[in-house]
Amino acid sequence: MTYQYWDEAVETMPREELCSLQVKRLKEIATAALRTSFYRNRLSDAGIRSADDIKSLDDLRRFPFTTKYDLRDAFPFGFLSVPQEEIIRLHASSGTTGAPTTIYLNAADLDRWSTFVARCIYGTGCTKADVFQNMITYGLFTGGLGFQSGAEKVGMMTIPSGPGNVGRQFRLMRDFGTTIVHATPSFLLHVQSKMEEEGFTRKDIKLKRAFAGAEPYSEDTRKRIEALLQIDVFNSYGISEMNGPGVAFECQCKNGLHIWEDGYIVEIVNPETLEPVPDGELGELVLTCLCRESSPILRYRTRDLTSFYTEPCECGRTHRRLHRFAGRTDDMLIINGVNLFPSQIEEVIMGIPEVGNNYLIVVEKEGLLDRLTVKTEVGPAIFMDDSRPLNALKERIRKKLQALITINPRVELHERGALPVQEGKAKRVQDSRPKNL
Ligand code: ADP
Ligand code: ZN
């Protein structure tokens with residue numbers, strides 16, 4: 001068994017060949033989809049009754065979109081294309097925006113998935129000599145087991161620590177010489193801010209890299225984690241409907257996330273018109289999973305906002321790259337008529353070095369108006385009992401936010417460790433406004 005994970009032929013495949021491979025796989029996956037109760041009628045209504053009706057990638061545009069609501073409606077088995085006894089694994093989404101959705105994998109699906117994750121891991125420079133600590137939730141959530149099997153494929157010693165218990169995380173890192181961790185960016189920031197308190201210094205651990213994903217974060221947040229922990233941080237994008245992690249990942253160039261186009265057909269559309277946006281423009285990511293036959297999902301509207309890089313990557317991989325995600329279409333806040341993404345606020349505050357590692361956005365109704373409050377913790381250089389620098393910092397944050405978002409927010413500064421921390425995906429927004437007004 002070789003433990004390397006660089007598939008040169010596929011990863012640097014000329015684009016034309018890659019497109020032909022996609023057509024071949026699309027035919028296979030459409031054949032599987034036609035066996036599901038969910039797609040059977042929908043595809044034949046769209047004129048796709050067999051693989052022979054697919055001649056080129058343009059034919060994909062005839063396929064209907066699939067949404068999270070469809071998955072929920074067809075729960076539990078509407079997307080299953082094989083007898084249930086062939087399935088060896090079930091996973092579910094985190095349920096961030098409603099009832100969780102499930103996917104099913106047979107042995108071949110599982111093997112393909114872990115291969116994609118292994119490619120991602122290897123592409124950041126990791127080898128079998130690395131020690132990998134997976135500080136993310138195991139169980140139904142795909143991040144735990146998904147990374148576990150990918151890391152095993154690379155041949156790294158893997159420590160399935162799961163999240164939580166920061167002291168234990170540091171002890172594991174020290175005792176076993178962890179070189180790579182995987183976590184949400186918010187949990188990484190939390191871990192870093194507890195390092196001293198737990199009695200550790202940077203010298204006690206051998207950490208080199210972190211994979212950070214499962215939630216949006218800004219470039220400044222990446223830089224902050226990199227500077228504080230003295231490591232390289234790579235952005236990892238996954239979504240359970242497309243298996244989970246391993247969909248798109250940064251290579252060593254750290255400049256956009258390569259999406260594995262032998263496993264996924266990528267479209268970026270205008271969320272209102274559903275027409276493709278011009279290359280390089282922001283839109284909703286739509287994915288067709290070519291690598292899971294037992295519960296196929298076609299033209300899935302991820303609700304995640306991103307854009308394509310238009311230039312090829314210096315690493316030589318031909319699979320296209322996506323820009324860092326701006327958030328989800330349904331994350332958008334409308335505050336007194338102004339549209340705002342939480343990621344815009346993060347971009348401002350994480351770029352201010354005196355600001356600590358955690359923040360919270362609170363939106364409330366005050367009379368007829370919406371009121372935005374941005375709560376941040378302060379960094380170690382700021383003392384809560386000295387009001388002059390505190391007020392100056394508050395004012396600086398407020399001005400920077402107002403310049404960017406045109407709304408005048410209230411800013412509150414809190415002591416380190418005062419704001420809530422989640423072990424999984426961070427909950428950055430508390431919106432207490434009455435709904436449907
Ligand atoms: P849920 O939609 O319930 O959170 P998942 O657990 O499948 O379900 O999480 C997938 C979602 O997590 C993506 O659709 C995206 O919104 C978010 N996500 C995952 N990785 C990233 C990332 N690197 N950057 C931004 N958002 C991400
Ligand atoms: Zn690259």
Side-chain angles (χ1 to χ4, degrees), residues 6 8 11-12 67-69 71-72 91-103 113 117 119-120 122-125 136-147 182-188 210-219 221-222 225 233-261 264 284-287 289 297 300-307 309 311-332 341-343 346-347 422 424-428:
W6 161 239
E8 190 172 357
E11 294 183 45
T12 65
T67 65
K68 222 173 181 87
Y69 302 105
L71 297 179
R72 286 179 186 146
H91 274 290
S93 69
S94 317
T96 309
T97 59
T101 56
T102 45
I103 54 157
W113 177 24
V117 179
R119 271 191 211 165
C120 294
Y122 191 79
T124 64
I136 213 139
T137 314
Y138 279 70
L140 286 174
F141 178 60
T142 53
L145 286 169
F147 260 94
H182 169 226
T184 56
S186 52
F187 190 64
L188 283 172
F211 309 140
E215 64 188 16
Y217 61 113
S218 65
E219 188 57 37
T221 300
R222 181 228 295 269
I225 304 171
V233 173
F234 296 89
N235 196 352
S236 154
Y237 172 79
I239 169 163
S240 58
E241 290 82 357
M242 295 293 124
N243 285 344
V247 177
F249 220 87
E250 284 180 321
C251 65
Q252 275 175 302
C253 300
K254 283 203 264 181
N255 198 10
L257 300 94
H258 285 281
I259 181 149
W260 298 122
E261 293 184 83
Y264 303 94
E284 180 179 346
L285 181 69
V286 172
L287 294 174
C289 189
I297 299 185
Y300 184 63
R301 291 189 57 186
T302 63
R303 305 195 279 186
D304 292 323
L305 294 165
T306 183
S307 53
Y309 273 79
E311 297 296 311
C313 186
E314 282 174 16
C315 73
R317 290 179 181 82
T318 47
H319 300 237
R320 276 182 296 181
R321 281 170 303 153
L322 303 176
H323 275 274
R324 184 175 286 285
F325 285 79
R328 309 184 190 226
T329 46
D330 37 12
D331 276 348
M332 195 177 73
F341 279 101
S343 59
E346 174 169 326
E347 246 172 76
Q422 278 81 31
K425 295 174 190 252
K427 291 197 177 66
R428 296 298 196 191

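When reading the values below, keep in mind they use all heavy atoms of this one structure, side chains included, and skip hydrogens, waters and symmetry mates. Just follow the structure's listing: the first ligand is 1, and inside any ligand the first atom is 1.
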Chemist: At less than 2.8 Å, would any N/O/S atom of C253, backbone or side chain, sit next to the Zn ion (ligand 2)?
Modeler: no
Chemist: Do H319 and I259 come within less than 4.5 Å of each other through their side chains, counting heavy atoms only?
Modeler: no
Chemist: Which atoms of ligand 1 are found less than 4.0 Å from any heavy atom of D304?
Modeler: 13 (C), 14 (O), 15 (C), 16 (O)
Chemist: For atom 6 (O) of ligand 1, grab the closest protein heavy atom and report residue, atom and distance to one decimal in Å.
Modeler: S94 OG, 2.5 Å
Chemist: For ligand 1, is there an atom lying under 4.0 Å from some heavy atom of R324?
Modeler: no
Chemist: Assess the side chains of S186 and Q422: does a donor N or O sit below 3.5 Å from an acceptor N or O?
Modeler: no
Chemist: Exactly one of R321, R317, R320 should register a salt bridge (charged side-chain N to carboxylate O under 4.0 Å, His left out) with E261. Which one does?
Modeler: R320
Chemist: If you measure from OH on Y300 to CD1 on I239, what distance do you get to the nearest 0.5 Å?
Modeler: 5.0 Å
Chemist: Once rounded to 10°, what is the value of the angle centred on the Zn ion (ligand 2) between C315 SG and C313 SG?
Modeler: 110°
Chemist: Say whether, by atom type as modelled, one donor and one acceptor occur between the side chain of T306 and the main chain of H323 under 3.5 angstrom.
Modeler: yes
Chemist: Any non-hydrogen side-chain atom of T96 less than 4.5 Å from a side-chain atom of R328?
Modeler: yes
Chemist: Does ligand 1 come near enough to K425 that some N or O of the ligand is less than 3.5 Å from an N or O of the residue?
Modeler: yes
Chemist: Taking the side chain as everything from C-beta on, heavy atoms only, tell me whether C120 gets closer than 4.5 Å to S236.
Modeler: no
Chemist: Please report which non-hydrogen protein atom sits nearest to atom 20 (N) of ligand 1, along with the residue it belongs to and the distance in Å to one decimal place.
Modeler: A214 N, 3.1 Å
Chemist: Would G213 count as being in polar contact with ligand 1, using the rule that some N or O on each side must be under 3.5 angstrom apart?
Modeler: no
Chemist: Tell me: protein heavy atom nearest atom 2 (O) of ligand 1, and distance?
Modeler: R328 NH1, 2.9 Å
Chemist: So does R324 pair up with E347, basic N to acidic O under 4.0 Å?
Modeler: no
Chemist: Is there a side-chain contact between M242 and I297 in this structure, where contact means two heavy atoms from C-beta onward sitting under 4.5 Å apart?
Modeler: yes
Chemist: Which bit of F325 is near ligand 1, meaning a heavy atom under 4.0 Å away: side chain, backbone, both or neither?
Modeler: side chain
Chemist: Would one find an N or O of T302, backbone or side chain, under 3.5 Å from an N or O of ligand 1?
Modeler: no
Chemist: List ligand 1 atoms under 4.0 Å from K68, heavy atoms only on the residue side.
Modeler: 2 (O)
Chemist: Can you name the atoms of ligand 1, numbered from 1 with element, that are less than 4.0 Å from a heavy atom of G95?
Modeler: 3 (O)
Chemist: Near T96, which atoms of ligand 1 are under 4.0 Å from a heavy atom of that residue?
Modeler: 1 (P), 3 (O), 4 (O)
Chemist: Would you say the side chain of T12 lies within less than 4.5 Å of the side chain of W6, judging by non-hydrogen atoms?
Modeler: yes
Chemist: Note the single closest protein heavy atom to atom 10 (C) of ligand 1, along with its residue, its atom name and the distance in Å.
Modeler: G238 O, 3.5 Å
Chemist: Using heavy atoms and a threshold below 4.0 Å, how should the contact between L257 and ligand 1 be classified: side chain, backbone, both, or neither?
Modeler: neither
Chemist: Judged by atom type as modelled, is there a donor-acceptor pair below 3.5 Å linking the side chain of S93 to the main-chain atoms of S240?
Modeler: no
Chemist: In terms of atom number and element, which parts of ligand 1 are under 4.0 angstrom from non-hydrogen atoms of S240?
Modeler: 7 (O)
Chemist: I'd like to check which ligand 1 atoms, numbered from 1 as shown, lie under 4.0 Å from a non-hydrogen atom of F141.
Modeler: 6 (O)
Chemist: Considering only heavy atoms from C-beta outward, does the side chain of E11 approach that of Y122 to under 4.5 Å?
Modeler: no
Chemist: Measure the distance from atom 27 (C) of ligand 1 to every protein heavy atom, then report the residue, atom name and distance (to 0.1 Å) of the closest one.
Modeler: E215 N, 3.6 Å
Chemist: Taking heavy atoms and a distance under 4.0 Å, where does P100 meet ligand 1: side chain, backbone, both or neither?
Modeler: neither
